[in-house]
Participant: 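Starting off with a structure, shown below.
Labels below follow one simple rule: chain letters A, B, ... track the order of the sequence lines, proteins then strands, and each chain is numbered from 1.
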Number of protein chains: 2
Amino acid sequence: MTQANKTVNKATAEQKPSRYVDCEHCSMQAVCLPIGSENHAIDLTSNYLTKRIEVSAGRNSSPLLNQVTGVKLFEQAKPLTAIFAVCSGTFKLSQQNEAGIEKIVGFRFPGELMAEDALFLETYNYSAIALDDSSVCQVFVAPLSACSKLAPELQQNLIKLLTKQSYVQQRNTQALIGKKSAECLLAAFLLNICQRYAKYSGNETQIELTISRHDIANFLGIRRETLSRILSKFQQEQLISIKGKLLVLLSLNRLKQLADN
Amino acid sequence: MTQANKTVNKATAEQKPSRYVDCEHCSMQAVCLPIGSENHAIDLTSNYLTKRIEVSAGRNSSPLLNQVTGVKLFEQAKPLTAIFAVCSGTFKLSQQNEAGIEKIVGFRFPGELMAEDALFLETYNYSAIALDDSSVCQVFVAPLSACSKLAPELQQNLIKLLTKQSYVQQRNTQALIGKKSAECLLAAFLLNICQRYAKYSGNETQIELTISRHDIANFLGIRRETLSRILSKFQQEQLISIKGKLLVLLSLNRLKQLADN
DNA sequence: GTTTATATTTGATGTAGATCAACAAAAGAT
DNA sequence: ATCTTTTGTTGATCTACATCAAATATAAAC
């Protein structure tokens with residue numbers, strides 16, 4: 001474990017567990033765990049293949065234009081050399097279209113993967129931006145590729161991992177297309193992120209909301225104003241509470257009811 | 001090549017090339033083509049691994065409820081034993097949610113894959129329904145899995161294929177979320193299907209539209225009435241023409257302009 | 001052929017959410 | 001501390017699309 005003391009010293013530290021997600025709760029498990037008893041030689045947790053690195057948040061050094069906040073871990077269209085698992089913190093994944101318009105395509109919490117959906121391809125499909133002081137496990141592709149040629153089981157595990165991941169991804173986005181009302185959309189989103197964050201925090205009724213309203217609205221395909229109104233409404237109706245960065249879900253049942261409409 | 005003479009005899013046959021898509025234009029190529037010169041033993045085009053089968057359309061035998069039209073090639077949640085490539089015809093892919101609501105998650109034209117996104121998983125993620133008299137190449141997973149253990153190159157090819165596929169899929173759906181207006185959405189959709197169909201027909205300005213308005217609307221997340229209105233408007237504006245089942249794009253440029261808004 | 005069912009188009013109306021605009025509250029910068 | 005910038009909230013209006021409803025066209029059944 002590397003040091004993340006900076007994070008601990010911050011004002012918001014009370015709400016945030018001062019620990020990394022452990023390997024047992026990480027989606028990379030299928031890749032990292034050594035395969036079969038005879039194959040112990042291939043242990044991807046050795047530093048040869050993987051490396052834990054810190055990503056400090058802090059806004060981009062150049063506040064010229066409406067630049068993205070946070071720090072880029074990797075960048076869309078650049079050569080892909082490694083994939084990542086989030087150990088602590090939060091990331092947003094964004095794509096820029098030809099016109100340069102930013103579209104948030106997802107968020108990642110501890111235990112979740114980034115760029116795995118482009119494994120063995122040439123370039124990253126999206127950029128990853130830290131919204132927080134974060135840490136990640138970096139898995140280099142070249143040695144992974146070499147290893148997997150030696151160990152067919154590893155490769156089958158990889159394929160299973162990737163297909164499962166892409167299925168989850170698809171469900172996440174397909175659900176949102178359903179053209180539910182913005183309220184349902186938001187209810188579904190809040191439940192989703194709290195549930196995912198719970199793997200890390202242990203509590204699926206609350207989350208430290210490091211994601212800006214702008215990014216949530218962008219991701220959901222609604223306007224910031226609309227998002228803000230619905231959040232206010234949810235608070236009036238005692239469905240949620242927001243104090244500073246802490247979001248609490250007050251009634252999972254009613255939110256679930258709203259979500260699947 | 002198996003016989004597809006039934007199809008040729010149909011009234012709509014003039015508009016439709018009476019041939020299968022050839023292997024050169026098929027997305028399964030990376031899997032089917034024998035690998036390396038030394039590995040000729042592994043030729044997946046042998047009948048051992050793949051098999052071409054016919055799927056007659058014709059509506060479902062039970063017109064009781066608002067049952068899906070067409071014939072199911074495989075069914076969501078059933079055990080996955082094979083993946084498929086479309087040789088001729090059209091398929092729609094549909095998912096049912098817990099409430100039993102049908103959601104169209106995609107269409108497949110000749111040369112495109114089905115169920116590959118669940119390869120090595122237990123069950124199909126969606127059902128595939130033939131909208132046409134169609135034919136497919138069936139690739140059995142068990143022998144494919146066995147083979148790929150022998151040939152790491154095949155497996156790397158598979159991973160590349162899958163990740164590319166899932167990227168294209170994602171782009172297709174993400175583009176639709178962009179919450180463009182229904183007009184942009186439809187323009188993008190028409191361009192997309194014509195372009196994909198062109199691999200088969202050779203002409204990217206027209207398509208034999210076997211997909212119902214209902215299914216298009218469902219896929220795009222708009223109402224049938226809205227779809228119908230926009231189609232009428234596009235015809236008035238000489239952007240497209242519809243005669244029977246034949247859809248012709250009259251101005252690719254103006255449609256493209258509309259599409260990326 | 002006729003009849004029945006299904007698919008598609010068109011019209012009238014209501015509403016959710018976009019848009020424009022102003023204001024309030026944080027967060028950085030000096 | 002003040003000043004500036006960014007981020008979030010609330011109000012007023014407008015429009016695209018959903019919804020309800022009815023007419024027409026197409027396809028299946030007899």
Participant: Is it the case that the side chains of T90(A) and T210(A) hold a donor-acceptor pair, with the cut-off being a distance below 3.5 Å and no angle test?
Facilitator: yes
Participant: Under the ring pair (Phe, Tyr, Trp, His ring centres under 6.0 Å) rule, collect the residues that match up with F234(B), sequence neighbours excluded.
Facilitator: none
Participant: Can a donor-acceptor pair be found between the side chains of S88(A) and S135(A) at a distance below 3.5 Å?
Facilitator: yes
Participant: Nearest 0.5 Å please: distance from the CG atom of L185(B) over to the CZ atom of F219(B).
Facilitator: 8.5 Å
Participant: Which letter, B, S or -, goes with each nucleotide of nucleotides 8-15 of chain C from 5' to 3', with contact meaning a protein heavy atom under 4.0 Å?
Facilitator: BBBBB---
Participant: Going by atom types only, do Q96(B) and Q76(B) share a side-chain donor-acceptor pair under 3.5 Å?
Facilitator: no
Participant: Calculate the interatomic distance between L209(B) atom CG and dT26(D) atom P; express it in whole Å.
Facilitator: 15 Å
Participant: Starting at CZ of R223(A) and ending at C1' of dA21(C), how long is that distance when rounded to a whole Å?
Facilitator: 15 Å
Participant: Please report, rounded to the nearest Å, how far the C1' atom of dG17(C) is from the NZ atom of K233(A).
Facilitator: 13 Å
Participant: Round to a whole Å and report the spacing from CD1 of I222(A) to P of dT19(C).
Facilitator: 12 Å
Participant: Side chains of Y126(B) and D117(B): do they bring a donor and an acceptor to under 3.5 Å?
Facilitator: yes
Participant: Rounded to the Å, how far apart are I230(A) CD1 and dG17(C) P?
Facilitator: 6 Å
